[in-house]
Amino acid sequence: MIVELIAAACGTIAFALLFGVPRKYYLYCGAIGAAGWLAYGLLVGLTSVGAATASFFATALVVLLCRFTAVLERCPATIFVITGIFPLVPGAKIYWAAYYLVTDQLGEAVTSGFSALKIMIAIVLGIVVIFELPHRFFHLHFRRTADEAGGAKH
């Protein structure tokens, strides 16, 4: 599991690099991607939850972390959302669905494709549900002192 978490973090950081995310956010992106993968792995491995349900809850966690981080760092949440869901995207299932389709194994293609579709819908729903929460829910209240003219955080 540790190797998977490191791979998820590295993959997320690499994806952040591809998308031109500022360097100062790489560790946040990696941590968020690893947290999502940890949640997914724990839900699938330790419970009887299916992949789509686990993807929904892992995505909800990722987006919650993204929104809190965006408020903390005063930047757009999309920076973290786009990179953070990377480990949860069902790329292998989509690949196998296409492979089975090309090799005329239609039963397997439908099974793999439908599974990928359920996971993608779960990811979208996880994003939508958390983004519907009011913005004020994510604001962390920092103490302000008299010499805080520039809005520094304590």
Side-chain angles (χ1 to χ4, degrees), residues 1-140:
M1 185 63 127
I2 299 294
V3 174
E4 290 181 18
L5 290 177
I6 293 170
C10 290
T12 304
I13 292 170
F15 202 59
L17 181 74
L18 278 173
F19 272 94
V21 171
R23 189 173 267 161
K24 65 182 177 179
Y25 301 132
Y26 286 170
L27 289 179
Y28 288 121
C29 292
I32 289 169
W37 186 252
L38 177 65
Y40 176 82
L42 290 176
L43 285 170
V44 169
L46 299 179
T47 64
S48 60
V49 171
T53 306
S55 293
F56 171 79
F57 287 112
T59 301
L61 173 67
V62 164
V63 179
L64 276 171
L65 292 173
C66 292
R67 292 204 59 197
F68 278 118
T69 305
V71 168
L72 181 69
E73 289 296 315
R74 294 186 174 116
C75 65
T78 0
I79 290 174
F80 307 112
V81 173
I82 292 173
T83 58
I85 63 168
F86 175 71
L88 301 175
V89 173
K93 290 190 183 296
I94 295 168
Y95 169 82
W96 284 112
Y99 173 80
Y100 291 137
L101 192 63
V102 169
T103 58
D104 205 29
Q105 300 175 44
L106 300 181
E108 288 87 355
V110 168
T111 302
S112 185
F114 188 66
S115 177
L117 182 64
K118 288 191 303 186
I119 292 170
M120 288 185 287
I121 291 170
I123 289 171
V124 169
L125 289 175
I127 293 170
V128 168
V129 164
I130 302 303
F131 266 108
E132 286 301 315
L133 294 174
H135 187 67
R136 69 177 181 272
F137 177 78
F138 297 96
H139 277 275
L140 303 174

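Since the structure is predicted, the reported quantities are computational estimates derived from the model, not experimental observations. Start at 1 with the first residue, then count along the sequence.
Among all heavy-atom pairs drawn from Leu88 and Ile119, the shortest one is O-CG2, 4.1 Å. Closest approach of Val81 and Cys66 over heavy atoms only: N-SG, 3.4 Å. Residues Thr12 and Gly33 approach most closely at OG1-CA, 3.5 Å, considering heavy atoms. Closest non-hydrogen pair, Leu17 versus Tyr26, comes out as CD1-OH, 3.0 Å. The two residues Ala116 and Lys93 come nearest to each other via the heavy atoms CB-CB, 3.8 Å. Of all non-hydrogen atoms in Val44 and Ala51, the two that sit nearest each other are CG2-CA, 4.4 Å.
By the 6.0 Å contact criterion, OH on Tyr99 is open, its count of non-hydrogen atoms from other residues, nucleotides or ligands being 12 or less. The environment of OH in Tyr100 is crowded: more than 12 heavy-atom neighbours from other residues, nucleotides or ligands sit within 6.0 Å. No more than 12 heavy atoms of other residues, nucleotides or ligands shown are found within 6.0 angstrom of CG on Leu27.
A side chain to side chain contact (heavy atoms under 4.5 Å, CB included) with Val63 holds for exactly one of Thr59, Leu61, Leu65; it is Thr59.
In this structure, the separation between CD on Gln105 and CH2 on Trp96 is 9.0 Å, given to the nearest 0.5 Å. Between the CG atom of Asp104 and the CG atom of Leu106 there is a distance of 5.0 Å, given to the nearest 0.5 Å. Atoms CD and CD1, on Glu73 and Ile79 in that order, are 9.5 Å from each other to the nearest 0.5 Å. Atom OG1 of Thr69 sits about 10.0 Å away from atom CG of Leu64, to the nearest 0.5 Å. With rounding to the nearest 0.5 angstrom, the OG1 atom of Thr83 is 9.0 Å from the CZ atom of Phe19.
Tyr40 meets the side chain to side chain donor-acceptor pair (under 3.5 Å) test with no other residue; sequence neighbours excluded. Qualifying ring-ring contact (aromatic ring centres under 6.0 Å, His included) partners for Tyr28, counting only residues two or more places apart in sequence or in other chains: none. Qualifying side chain to side chain donor-acceptor pair (under 3.5 Å) partners for Glu4, counting only residues two or more places apart in sequence or in other chains: Trp37.
Using the six-membered ring where Trp is involved, Phe80 and Tyr25 have ring planes that are perpendicular, over 60° apart on the 30 and 60° scheme.
You'll find the side chain of Glu108 stays beyond 4.5 Å of the side chain of Thr103, heavy atoms only.
Under the 3.5 Å distance criterion, the side-chain polar atoms of Ser115 are left unmatched by any main-chain donor or acceptor of Thr111. Looking at Arg67, its side chain does come within 3.5 Å of a backbone N or O of Ile130 through a donor-acceptor pair.
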